[in-house]
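Report on the structure given below.
The shown structure was predicted, so the numbers you read here are calculated from the model rather than taken from an experiment.
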2 protein chains.
Amino acid sequence: MKKDNLIDVVMEKIKEKGGRVTIQRLAIINVLLKLDHPTAEEIYQFMRNEFPTLSFTTVYNTLHSLHEMGILREYRFGEASRFEMAETNHHHFLCQKCGGMKDIEDSNITVHLDEKLSRHYHILNTEVVLKGLCQDCMGEGI
Amino acid sequence: MKKDNLIDVVMEKIKEKGGRVTIQRLAIINVLLKLDHPTAEEIYQFMRNEFPTLSFTTVYNTLHSLHEMGILREYRFGEASRFEMAETNHHHFLCQKCGGMKDIEDSNITVHLDEKLSRHYHILNTEVVLKGLCQDCMGEGI
DNA sequence: ACTGTAAATGTAATAATTACAAATAAAATT
DNA sequence: AATTTTATTTGTAATTATTACATTTACAGT
């Protein structure tokens with residue numbers, strides 16, 4: 001999806017849920033499209049120069065609201081939560097050494113769930129988490 | 001694996017890594033065998049009666065050490081970290097409503113990784129995370 | 001433009017976790 | 001068995017990420 005289309009989709013989704021389209025929300029969406037699984041802190045620091053009046057609390061509030069609206073996903077693998085846009089389905093690799101988080105394309109992993117799982121759970125999302133060493137950290141042990 | 005054997009294996013593993021087998025460590029291992037993905041807080045509260053001199057800090061220290069030794073796994077899906085013994089391989093279901101975490105037997109899910117992933121990553125562990133509603137929370141929406 | 005209200009802001013609180021220094025106790029050595 | 005070494009435990013005091021709250025601002029409907 002082209003970026004401008006995506007912003008339009010997000011704006012539409014916010015309105016659907018009865019929310020307001022604010023410059024803070026749009027700005028944070030744009031940062032999420034630029035950075036790779038940023039934390040709230042990273043988003044805030046990235047925006048400070050261009051948006052000096054932005055409050056750190058607003059970053060948290062906004063991430064929380066957008067998450068509630070289903071616009072983004074939250075991961076708490078490390079100390080701080082990391083965020084990404086929810087529009088794509090993919091898996092993740094976590095480096096045990098540097099703590100880095102990488103996207104793994106959906107097409108690289110096939111998952112098959114036994115049918116009986118659906119008798120016990122209403123499954124909305126299936127995601128694979130791979131743990132190990134990334135290329136940068138390989139060859140040095142854990 | 002029988003419980004006593006498992007304790008022996010854990011003791012051996014601690015010694016291998018140059019660690020000391022303390023009553024605190026053994027007691028916490030035993031709690032991990034009883035409780036389902038407990039948090040540090042839950043472990044501490046569970047132990048207070050029988051072990052009133054136990055320090056909360058020791059729970060954290062111990063969980064950290066045992067994790068470093070590969071004896072247990074840590075998950076940070078919610079606010080607080082949750083822990084489980086590392087001896088078994090299985091997947092997890094996370095309830096989006098109550099925040100509960102359930103084990104899914106390995107045999108209920110098959111995962112196939114594209115070979116080319118191993119060219120970019122040294123993969124040590126593969127785990128599926130299912131998200132949705134558990135039986136208790138079904139029929140009430142999110 | 002006017003108005004109702006959701007969202008933004010700043011400060012202060014909270015919760016989980018870690019740092020640190022002193023006391024204790026495994027386990028190696030004598 | 002006593003002694004010694006040092007990892008671990010303990011309690012208190014930080015730290016870090018996140019949330020609560022009261023006030024101000026500004027989106028969006030009239």
Side-chain angles (χ1 to χ4, degrees), chain A residues 7-8 10-31 37-48 50-69 71-72 74-83 99 101, chain B residues 7-8 10-31 37-48 50-69 71-72 74-83 99 101:
Chain A
I7 297 284
D8 287 347
V10 166
M11 288 175 65
E12 203 47 52
K13 215 163 187 173
I14 292 175
K15 286 177 188 165
E16 265 174 33
K17 311 270 178 176
R20 290 179 180 174
V21 176
T22 66
I23 52 173
Q24 287 87 345
R25 285 180 175 180
L26 293 181
I28 286 173
I29 292 287
N30 272 299
V31 174
H37 307 107
T39 63
E41 172 78 29
E42 283 162 4
I43 292 169
Y44 178 61
Q45 293 305 337
F46 187 82
M47 296 175 76
R48 289 191 77 171
E50 301 219 12
F51 202 152
T53 62
L54 179 71
S55 160
F56 199 176
T57 301
T58 297
V59 177
Y60 273 106
N61 287 343
T62 302
L63 291 170
H64 180 252
S65 309
L66 296 176
H67 182 236
E68 289 251 298
M69 294 176 195
I71 291 166
L72 50 83
E74 179 175 6
Y75 295 96
R76 310 192 118 173
F77 290 123
E79 308 82 50
S81 286
R82 295 188 169 277
F83 300 86
M101 184 174 174
Chain B
I7 296 285
D8 287 346
V10 166
M11 288 176 65
E12 203 47 52
K13 215 162 188 174
I14 292 175
K15 285 176 186 163
E16 265 174 32
K17 311 269 178 177
R20 291 177 180 177
V21 177
T22 66
I23 51 172
Q24 289 87 347
R25 285 178 176 181
L26 293 182
I28 286 173
I29 292 287
N30 272 300
V31 174
H37 308 107
T39 62
E41 172 79 29
E42 284 163 3
I43 293 169
Y44 178 61
Q45 293 304 338
F46 187 82
M47 296 174 76
R48 290 191 77 171
E50 301 220 11
F51 202 153
T53 62
L54 178 70
S55 159
F56 200 176
T57 301
T58 297
V59 177
Y60 272 106
N61 288 341
T62 303
L63 291 171
H64 181 250
S65 309
L66 295 176
H67 181 235
E68 289 253 297
M69 295 174 194
I71 292 166
L72 51 83
E74 179 175 6
Y75 294 97
R76 311 193 116 173
F77 290 123
E79 308 81 51
S81 286
R82 296 188 168 276
F83 299 86
M101 184 174 172

> For the helix from dA1(C)-dT30(D) to dT30(C)-dA1(D), how many degrees between its two end axes (five pairs per end), to the nearest 10°?
Replying inline: 40°
> Rounded to the nearest Å, what distance is computed from the NE2 atom of residue His64(B) to the P atom of nucleotide dA7(D)?
Replying inline: 16 Å
> Going through the distances and angles, do Ile7(B) and Met11(B) end up as a side-chain contact (heavy atoms from CB on, under 4.5 Å)?
Replying inline: CA-CA 6 Å; Ile7(B) 296 285; Met11(B) 288 176 65; 4.1 Å; yes
>> On DNA chain C, does the nearest nucleotide to Thr53(A) precede the nearest nucleotide to Glu79(A) from the 5' side, or the other way round? Give the residue.
In response: Thr53(A)
> Do you know the tightest heavy-atom contact between Val59(B) and Ala40(B)?
Replying inline: CG1-O, 3.7 Å
> Arg25(B) side chain to Thr62(B) main-chain N or O, any donor-acceptor pair under 3.5 Å?
Replying inline: no
>> Output the rounded distance in Å from NZ (Lys17(A)) to C1' (dA6(C)).
In response: 17 Å
> So do the side chains of Glu42(B) and Arg82(B) get within less than 4.5 Å of each other, counting heavy atoms only?
Replying inline: yes
> Hey, mind stepping through Phe77(B) and Phe77(A) against side-chain contact (heavy atoms from CB on, under 4.5 Å) and telling me if it holds?
Replying inline: CA-CA 7 Å; Phe77(B) 290 123; Phe77(A) 290 123; 4.2 Å; yes
> Does the side-chain contact (heavy atoms from CB on, under 4.5 Å) test come out yes or no for Phe56(A) and Glu41(A), once each step is laid out?
Replying inline: CA-CA 8 Å; Phe56(A) 199 176; Glu41(A) 172 78 29; 3.5 Å; yes
> Which part of the nucleic acid, if any, lies within contact of Ser81(A), taking any heavy atom under 4.0 Å across all strands shown: a base, the sugar-phosphate backbone alone, or nothing?
Replying inline: sugar-phosphate
> If you find the nucleotide of DNA chain C closest to Met69(A) and the one closest to Phe56(A), which residue's nucleotide is nearer the 5' end?
Replying inline: Met69(A)
>> Taking any heavy-atom pair under 4.0 Å as a contact, classify Ser65(A): base, sugar-phosphate, or nothing.
In response: nothing
> Going by number, which of residues 37-47 of chain B have a non-hydrogen atom under 4.0 Å from DNA chain D?
Replying inline: none
Could I get a table of every N or O pair under 3.5 Å where one atom is in the protein and the other is in nucleotides 25-30 of chain C?
residue: dA26(C); atom: N3; partner: Arg20(B); partner atom: NH1; Å: 3.3
residue: dA27(C); atom: OP1; partner: Val21(B); partner atom: N; Å: 3.0

>> If you define the side chain from C-beta out and look only at heavy atoms, does anything of Ile28(A) sit under 4.5 Å from Met47(A)?
In response: yes
>> Nearest 0.5 Å, please: how far is CD1 in Ile43(B) from OG1 in Thr58(B)?
In response: 12.5 Å
> What closest approach, in Å, do Leu72(B) and His67(B) show between heavy atoms, and which atom pair accounts for it?
Replying inline: O-CD2, 3.1 Å
> Hey, which of these two, Asn61(A) or Ile14(B), hits DNA chain D nearer its 5' end, going by closest nucleotide?
Replying inline: Ile14(B)
> Over how many whole Å does the gap from Ile28(A) atom CD1 to dA7(C) atom C1' extend?
Replying inline: 12 Å
>> Of the listed nucleotides (dT18(D), dT18(C), dT9(C)), which one gets closest to any side-chain atom of Thr57(A)?
In response: dT9(C)
>> Can you see if the side chain of Tyr60(B) gets near the phosphate of dT17(C) - specifically, an N or O under 4.0 Å from OP1 or OP2?
In response: yes
> Would one find a side-chain N or O of Thr58(B) under 4.0 angstrom from OP1 or OP2 of dT10(D)?
Replying inline: yes
>> As a test of reading the structure: which of dT9(D), dA8(C), dT10(D) is closest to the side chain of Arg25(A), going by heavy atoms?
In response: dA8(C)
>> Minimum heavy-atom separation for Ile23(B) and Phe51(B), please, with both atom names.
In response: CD1-CZ, 4.2 Å
>> Tell me which one of His37(A), Glu74(A), His64(A) satisfies side-chain hydrogen bond (donor to acceptor under 3.5 Å, both in side chains) with Ser81(A).
In response: Glu74(A)
>> side-chain contact (heavy atoms from CB on, under 4.5 Å) for Phe83(B) and Leu66(B)? Distances and angles first, verdict last.
In response: CA-CA 10 Å; Phe83(B) 299 86; Leu66(B) 295 176; over 6 Å; no
> What integer distance in Å separates Glu74(B):CD from dT18(C):C1'?
Replying inline: 13 Å
